[in-house]
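Input: a single structure, listed below in structure tokens.
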Amino acid sequence: MVSAAGMMVAILATLVQIQSITFIEIMVCIVIGSAIGLVFATRVEMTQIPEMVALFNGFGGLASVAVALSDYWLRTQVQATGVDVIVGTSAVLSIFIGGVTFTGSMVAFLKLNGKISGKPITFTAQHLLNLALFIGVIGVSILAIVDQYNINHVLVVTAIALLLGILTVIPIGGADMPVVISLLNSYSGMAACTTGFVLNNNVLIVSGALVGASGIILTQIMCKAMNRSLVSVLLGGFGQAPTVAGADGPEITVKEVGVEEAAMLFDSASSIIIVPGYGMAVAQAQHTIRELAELCEKRNISVKFAIHPVAGRMPGHMNVLLAEANVSYDKLIEMEEINDEFANTDLVFVVGANDVVNPAARTNPQSPIFGMPILNADKARTVIVSKRSMGKGYAGVENELFGYDNCLMLFGDAKQTITKVVNELKDM
Ligand code: NAP
């Protein structure tokens, strides 16, 4: 809301100043832009937010390209003004970063909503081709800055940037996509910042720099949480179907638990840790979980929530959902703080989480999630896992925790089964 209000102020301020376009033209653009935004925002599901963010980043990049291109072109038309080195460099950077952001974000959007395969798309000499294009774009950019009245160089920079955006994002897949989206978000900020230099607009420079810097910080945090280096994310290839023998671990035999028995386990525990994951968001089970937690607390059972930094599909996903359900914030404990407590906990209730509690991340070097820090749910005395089936998580690998001696599977949609557990507990 604050950003939208800010944009409105910017548009109104522009209206007061402009001479080259009419009030009607601006109103038409506002109506078209607002209508598109409204349709997207009302239709999008909570679980589709990452692809929505990808789309918005892309539009931000496209806007920077459009503004920088038109400004450069206008200057080439006026011989007296010309394009000085600072404006020329800023325009070329804005077009390059904005172009990469636009097509890169579109590929990320299509991958996330399943229109194209979410798996990494790789081919021989891919990185070499990208490198050659990158060197090429530097050369043409220098020409664009030196030869100030020729729009063709800038058009070539635009074309290469658009191509590079596609080529750099297609090899990235699997659990690395959120990192890429965060990085593209940072790029869109940098593109806006350089556009600020083109237009000599301090507000755009500062706000673009803020988005660029915060995006980079978030990217770093996510890389750390997934134990991935930024370079290995950018080089891609992660998230392909496991080709190495043993990547999926041994065959798993599970033990099922019924609603009644699960309710009895809750009733007899003195400490419970709830581990929410993506399935909680799909089932929209947060309100029922809060009810379950309250029922347990009334019986003097200690209840805490363990929050993995990449649980769900976006940073803070679990925090937002649990806050929506009025779960007190001090009950949400970060991974580093709570991990030692699992071993002394009677019952861990895993709700729609999978990858973030997969012990393969610790034990199986062949697994694609090997090295990712996980919640030590397996160390608790008893673990109950609420999920619909033996379906895999985001990384597409089996979870050996489900076959452990201390683990019981409570199959079914999280909201429906937890509602039944709550009803059982109320009757006890
Ligand atoms: P996950 O590994 O994706 O597993 C989610 C589980 O939820 C699935 O195994 C699914 O099993 C279950 N599920 C789905 N619908 C359900 C329902 N209605 N009721 C009950 N269960 C349901 O989730 P996670 O443990 O939260 O891990 C997150 C993963 O996403 C990580 O790999 C992370 O790297 C990645 N990621 C994170 C972010 C981020 O920024 N947080 C963004 C994108 C990706 P069934 O099909 O058997 O029900």
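Values below: every heavy atom of this structure, side chains too, minus hydrogens, waters and symmetry copies. Every number for a ligand or one of its atoms is a count from 1 in the order of the listing.
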Under 4.0 Å to a heavy atom of Lys392 - the qualifying atoms of ligand 1, by number: 8 (C), 9 (O)
Sidechain N-carboxylate O distance under 4.0 Å for Glu51, Lys115: no
Val357 and Ile374, any side-chain heavy atoms less than 4.5 Å apart: no
Heavy atoms of other groups near Asn200 CG, more than 12 under 6.0 Å: no
Short N or O distance, Met372 and ligand 1, threshold 3.5 Å exclusive: no
Phe197 atom CZ: more than 12 heavy-atom contacts under 6.0 Å: no
Subset of ligand 1 atoms that lie under 4.0 Å from at least one heavy atom of Gly393: 1 (P), 2 (O), 3 (O), 4 (O), 9 (O)
Side-chain ion pair, Asp346 and Arg381, N-O less than 4.0 Å: yes
Heavy-atom nearest option to atom 4 (O) of ligand 1, drawn from Asn354, Ile374, Asn399: Asn354
Atom NZ of Lys255: over 12 foreign heavy atoms under 6.0 Å: yes
Distance-only N or O hit between ligand 1 and Pro309, under 3.5 Å: no
More than 12 heavy atoms of other groups within 6.0 Å of Asp405 CG: no
Residue-ligand contact Gly312/ligand 1, heavy atom below 4.0 Å: yes
Element-labelled atoms of ligand 1 that are located less than 4.0 Å from some non-hydrogen atom of Gly277: 26 (O)
Contact atoms of ligand 1, heavy-atom distance to Ala353 under 4.0 Å: 25 (O)
Sidechain N-carboxylate O distance under 4.0 Å for Glu294, Arg290: yes
Residue Ala283 vicinity, atoms of ligand 1 by number, heavy atom under 4.0 Å: 17 (C), 18 (N), 19 (N)
Backbone or side-chain N or O of Ala311 under 3.5 Å from ligand 1 N or O: yes
Element-labelled atoms of ligand 1 that are located less than 4.0 Å from some non-hydrogen atom of Ala414: 19 (N), 20 (C)
Ligand 1 atoms in contact with Met222 (distance to a heavy atom under 4.0 Å): 40 (O)
Enclosure of Tyr329 OH (heavy-atom neighbours >12, cutoff 6.0 Å): no
Atoms of ligand 1 close to Asp413 [distance to a heavy atom under 4.0 angstrom, numbered from 1]: 17 (C), 18 (N), 19 (N)
